[in-house]
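In what follows, every chain begins at residue 1, and chains take the letters A, B, ... in the order their sequences are listed. For the numbers below, each heavy atom of this structure counts, side chains included, while hydrogens, waters and symmetry mates do not. Just so we're clear, the structure is a prediction, and the values are computed from it rather than from any experiment.
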Protein chains: 2
Amino acid sequence: MGEVDPVAINTLNHEPDIKYIVPGLKRGLDILKIFNRKRVQMNAPEIANELQVPRSTIFRLLQTLEYMDLIEKVPNTSNYKLAAGALGLGFEFLASLEITDFADPILEKLSNKTGLSAHVVIRDKTDVVFIAKKSAKLTFSSSVNIGTRLPAHGTVLGRVLLADLSKAELKKLYPESELVSFSKQTPESVDKLSQVLELDRVNGYAISEAYFEHGIGSIAAAIRDGSSKAVAAINVTYQLGTVEKSLINGLLLESVLAAAAELSRQLNYSDQKALRNVG
Amino acid sequence: MGEVDPVAINTLNHEPDIKYIVPGLKRGLDILKIFNRKRVQMNAPEIANELQVPRSTIFRLLQTLEYMDLIEKVPNTSNYKLAAGALGLGFEFLASLEITDFADPILEKLSNKTGLSAHVVIRDKTDVVFIAKKSAKLTFSSSVNIGTRLPAHGTVLGRVLLADLSKAELKKLYPESELVSFSKQTPESVDKLSQVLELDRVNGYAISEAYFEHGIGSIAAAIRDGSSKAVAAINVTYQLGTVEKSLINGLLLESVLAAAAELSRQLNYSDQKALRNVG
DNA sequence: AAATATTGTTTAATATATGAAACATTGATT
DNA sequence: AATCAATGTTTCATATATTAAACAATATTT
């Protein structure tokens, strides 16, 4: 029974074939991952039930996680919640990204110029992950937190990043030809996605009138590093119907492109290199 | 500017006696924790050597961590670095804190009003941990990142939080009567600390001319929740010698106190409750 | 280019982490 | 208050994770 079947464990991952998973580690990390915005605290039996792991084992894993300052008891309850130690990991990752040194002031400028919420994402496999944001001052500010993941193929932020991949890389990333749909505009297949990306690549940006969330528009452009690789993407979001089309294709798009260009420049991107690669 | 070395700072854990630690989990987490700003990437033998764990074990732990999207190979090297999955944990923790919903706009207002960098921290045992910040626009902006830890007893941010503890709680938190010193102003013993905290408690704020980093001044106040407990602290920092003393004790202090009061109000703190508790 | 050192990966014996079961403690219900 | 149910914790036999050792595949040096 204790035998590990890495394939069956997590169907969303496309890792290279894993030979051996350390059960104690995997289970401990699984515990950490079941805590989220919606389920801030849980007790041991609930966790044991959810993960289908014996109570006595959960007990020891919880002790270990508590010892490592990753979870802590909620006072006066039998519940556990994430502890401050969990912060460390995430922020060391952020700190390891060169772009985080430059993103905040540029996002602020972009948000001020457009009056909209602005975001920077990176791609992690088939997801985009928010790594920096500036909420708009007045309007409904965007609800995404840093660390939030969205499916890359369903967002313009993801598309400008996926557009940087070759068709072969794309097929490898999406072994199933079917894609999950989130709106009428979501490409339903990898082939369809590939066509859309072709256009995004030519444009150098992508604009969506549906985005991942209904009623939200998004204008996105890729950020490139010194090797001309698209390493991140930047966007602004707005409520559909509240912004003139001429503004979208005018000032807003220009502002996003300018911000992307400025961030790219800070990462030592230069047009020359890009042209040389293309030509 | 003197950068903070979070690794060297936090040496002390005061966990309850732990009966049993799951080795696979502890070691896997140890691997994650050796990645930081200074050491962004490492290879397997280096990790094995650092943690004094056999190569074959490290090999499997690394495989597991990679499978869980917490680390990834650095392209064209044998090194590993933190992966985007690490972000999730930290931000779910942040999202679980009620205060993060309100901190950003208040920090922005405080920073704009004072022209200084502003920060919010929580306390985790004997450390303060930065959970939100707004860097000043013009001056040398502060180098602390979210997730950074500083020893509570050596900062005014920490002191306004420690001031909320009873003497018994303080002694329990610092079983050794000696305290690590970071500047001439650092209290060298728990008794000395206790005296300083008494004053901080009466004042309702704390001002430092040495702070943790040399040459940096700091004005801090506690943020309280509906139960009048000091759950966080807010401050502004400035370079010593660049700000008039009258300004520090005037506008700057007022602004910090106002920001702390506003945040406390958002957490349902009311003066009545506080007075009732005291009297 | 050959030799050597370092790193990556697998094997197999054995030390040990696991989990069913028992027991202890706490909380809920009558 | 007494009983029952749920949760917290420990024990111990055994399934399995660990690691020394061997081997394979790369780097590095000569």
S.K.: Does S166(A) have any side-chain hydrogen bond (donor to acceptor under 3.5 Å, both in side chains) partners at least two apart in sequence or in another chain, and if so, which?
M.R.: E169(A)

S.K.: Under the salt bridge (charged side-chain N to carboxylate O under 4.0 Å, His left out) rule, collect the residues that match up with K33(A), sequence neighbours excluded.
M.R.: none

S.K.: If I take atom CD in residue E66(B) and atom C1' in nucleotide dG8(C), what distance separates them, rounded to the nearest angstrom?
M.R.: 13 Å

S.K.: Among dA20(C), dT18(C), dT18(D), find the nucleotide with the atom closest to the side chain of T57(A).
M.R.: dT18(C)

S.K.: Quick one: which of dT19(D), dT18(D), dT18(C) gets closest to the side chain of V53(B)?
M.R.: dT19(D)

S.K.: Does R201(B) have any side-chain hydrogen bond (donor to acceptor under 3.5 Å, both in side chains) partners at least two apart in sequence or in another chain, and if so, which?
M.R.: E198(B)

S.K.: To the nearest 10 degrees, what angle separates the axes at the start and end of the helix from dA1(C)-dT30(D) to dT30(C)-dA1(D), five pairs each?
M.R.: 40°

S.K.: Can you check nucleotides 24-29 of chain C for protein contacts, nitrogen or oxygen pairs under 3.5 Å, and list what you find?
M.R.:
none

S.K.: Any pair with a residue in residues 34-44 of chain A that passes side-chain hydrogen bond (donor to acceptor under 3.5 Å, both in side chains), sequence neighbours left out, goes on the list, sorted by first then second residue, please.
M.R.: R37(A)-E92(B), R39(A)-E50(A)

S.K.: Atom CG of N49(B) to atom P of dG8(C): distance rounded to whole Å?
M.R.: 13 Å

S.K.: Taking the side chain as C-beta and beyond, is there a heavy-atom pair between L267(B) and F102(B) under 4.5 Å?
M.R.: yes

S.K.: Please produce a list of atom pairs where a protein N or O lies less than 3.5 Å from an N or O of nucleotides 6-12 of chain D.
M.R.:
residue: dG8(D); atom: N7; partner: R55(A); partner atom: NH2; Å: 2.9
residue: dG8(D); atom: O6; partner: R55(A); partner atom: NH2; Å: 2.6

S.K.: Sequence neighbours left out, what passes salt bridge (charged side-chain N to carboxylate O under 4.0 Å, His left out) with K171(B)? Give chain and number order.
M.R.: D191(B)

S.K.: Under the salt bridge (Lys or Arg N to Asp or Glu O under 4.0 Å) definition, can you give me all pairs with a residue in residues 95-104 of chain A, not counting sequence neighbours?
M.R.: none

S.K.: Excluding sequence neighbours, so at least two apart, what forms ring pair (Phe, Tyr, Trp, His ring centres under 6.0 Å) with F91(A)?
M.R.: F91(B)

S.K.: Could you name each residue pair satisfying salt bridge (Lys or Arg N to Asp or Glu O under 4.0 Å) that touches residues 77-91 of chain B, not counting sequence neighbours?
M.R.: E72(B)-K81(B)

S.K.: E46(B): what forms a side-chain hydrogen bond (donor to acceptor under 3.5 Å, both in side chains) with it, not counting sequence neighbours?
M.R.: none

S.K.: Closest approach to the side chain of Y20(B), judged atom by atom: which nucleotide of dT18(D), dT16(C), dA17(D) is it?
M.R.: dT16(C)

